[in-house]
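All values below come from the heavy atoms of this structure, side chains included, with hydrogens, waters and symmetry mates left out.
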Amino acid sequence: MHMDGYIAAVKVNGRVLRESHGNVYLPFDTEYSLLLKNKNSNRAIVSILIDGTDALGGEELILPGYGGEINLERFMIDGDLHSGRKFKFVSIDNPEVADPTSSENGEIKIIFWPERQITPIYYPPPLSWPIYPNYVGLYNLRTTIGDRTTYSSNAHTLTKSDSINCCMSSDQGATIEGNKSDQTFTTVTSNGKGYPSTIIRLKLNQSKRIATTGIKMFCSK
């Protein structure tokens, strides 16, 4: 799905799954990743909620501009930059599902903010400075740089953020922790969030596959 220059997709085994009206279909017990891409010129700050819970444990991704992307495959828990557990889509009746009654199960909410742009402030030179022919005045450049801590994976970054934390069906699913992932992150800085934000929502659904018996039916005539 794409909106306002931002792209979000679900990948399984390196393949991007088809999305239809926000719905994505995959079998239960499948590990998946989220492909996020920023086609705008500004860097983007990204927050991710899965099943209504902050998947990054209070952190946020920052994507470079001009096509910067990340394939996020794991949860960020307790600020662990070096390892974590992969995203795994399971049936709602799996005992590891935190809240089987939640109406947000199966939902992925991705919020993109453009990074705030800093406008430099120029000060003219003192009047007492000498004036020469073709003289170009010197200006003192002052900028304000945010002190927000951020994290990045392969040059894609994370920062502090607020966390957000029916009916049940045999077809309904949710995301739990899967196998261990060694995806790593590093820290950088950002200028903070600009506005407005862009929200992309994806809904994970069970992909039903019809089993065949191997018996071929045909008409004798």
Side-chain angles (χ1 to χ4, degrees), residues 6 8-14 17 24 26-38 43-64 68-113 115 146-165 172-190 192-193 197 199-204:
Y6 304 115
V10 176
K11 294 182 68 176
V12 174
N13 296 326
L17 301 187
V24 179
L26 64 165
F28 286 146
D29 301 315
T30 298
E31 290 182 340
Y32 67 90
S33 61
L34 296 175
L35 174 64
L36 309 175
K37 193 168 185 176
N38 174 23
R43 294 198 305 180
I45 300 176
V46 187
S47 178
I48 301 173
L49 303 177
I50 299 179
D51 300 340
T53 300
D54 190 338
L56 299 174
E59 312 297 338
E60 291 168 332
L61 296 169
I62 294 183
L63 298 180
E69 65 178 55
I70 182 174
N71 187 44
L72 182 70
E73 65 176 31
R74 72 172 180 90
F75 291 96
M76 170 77 74
I77 298 178
D78 298 327
D80 191 340
L81 305 181
H82 304 292
S83 66
R85 294 289 174 176
K86 295 182 178 181
F87 303 131
K88 185 177 182 179
F89 182 60
V90 298
S91 172
I92 199 67
D93 58 7
N94 187 295
E96 295 186 37
V97 174
D99 182 6
T101 65
S102 174
S103 61
E104 296 179 294
N105 284 330
E107 294 184 357
I108 300 176
K109 180 181 178 181
I110 306 166
I111 310 172
F112 297 85
W113 289 272
E115 184 180 31
D147 58 357
R148 185 180 300 270
T149 300
T150 62
Y151 301 88
S152 73
S153 169
N154 301 326
H156 314 298
T157 338
L158 300 155
T159 90
K160 293 288 179 183
S161 164
D162 296 329
S163 295
I164 305 176
N165 186 354
Q172 189 176 1
T175 297
I176 63 172
E177 294 183 350
N179 292 318
K180 181 180 178 181
S181 166
D182 293 324
Q183 186 173 35
T184 61
F185 299 84
T186 57
T187 61
V188 299
T189 60
S190 87
K193 297 174 182 175
S197 63
I199 299 177
I200 292 181
R201 301 175 189 270
L202 298 172
K203 175 70 174 179
L204 300 184

Got a second to check how far L204's CG is from Q172's CD, nearest 0.5 Å? 11.0 Å
How long is the straight-line distance from CD1 of I176 back to CZ of R85, given to the nearest 0.5 Å? 11.0 Å
Over all atoms of both residues, closest heavy-atom pair of A8 and I200: CB-CG2, 4.0 Å
Atom CD1 of I108 and atom CZ of F87: how far apart are they, to the nearest 0.5 Å? 8.0 Å
Working to the nearest 0.5 angstrom, can you tell me the gap between I111 CD1 and I199 CD1? 5.0 Å
Least distance between heavy atoms, N105 atom then P100 atom: ND2-O, 3.5 Å
Contacts of E73 that satisfy side-chain contact (heavy atoms from CB on, under 4.5 Å) - sequence neighbours left out: S33, K86, S181, Q183
OH-CD1 distance between Y32 and I50, expressed to the nearest 0.5 angstrom: 4.0 Å
Rounded to the nearest 0.5 Å, the CD1 atom of I110 sits from the CG atom of L36 at a distance of 5.0 Å
D54 side chain reached by I48 side chain, heavy atoms, under 4.5 Å: no
Closest approach of I45 and S190, non-hydrogen atoms and distance? CD1-OG, 4.1 Å
Can you confirm whether the side chains of D51 and T53 place a donor and an acceptor under 3.5 Å from each other? no
Identify, with sequence neighbours excluded, every residue that meets ring pair (Phe, Tyr, Trp, His ring centres under 6.0 Å) alongside F112. Y6
For V90 against F28, the heavy-atom pair lying closest together: C-CD2, 3.5 Å
Evaluate the side-chain proximity of L63 to E69: yes if any heavy-atom separation is below 4.5 Å, no if none is. no
Without swapping roles, check the side chain of E59 against the backbone of M76 for a donor-acceptor pair under 3.5 Å. no
Please report the closest heavy-atom contact between E177 and K88, naming both atoms and the distance. C-CB, 4.4 Å
Those residues that, when tested against D182, pass side-chain contact (heavy atoms from CB on, under 4.5 Å) (two or more places apart): S83, K180
Looking at I77, is its backbone amide N or carbonyl O close enough to the side chain of D80 to form a donor-acceptor pair, meaning the two atoms are under 3.5 Å apart? no
Taking the side chain as every heavy atom from C-beta outward, state whether K11 and N71 have any atom pair closer than 4.5 Å. yes
Which heavy atom in V97 sits nearest to a heavy atom in S91, and how many Å separate them? CG2-O, 3.7 Å
Is the closest side-chain heavy-atom distance between L56 and L72 below 4.5 Å? yes
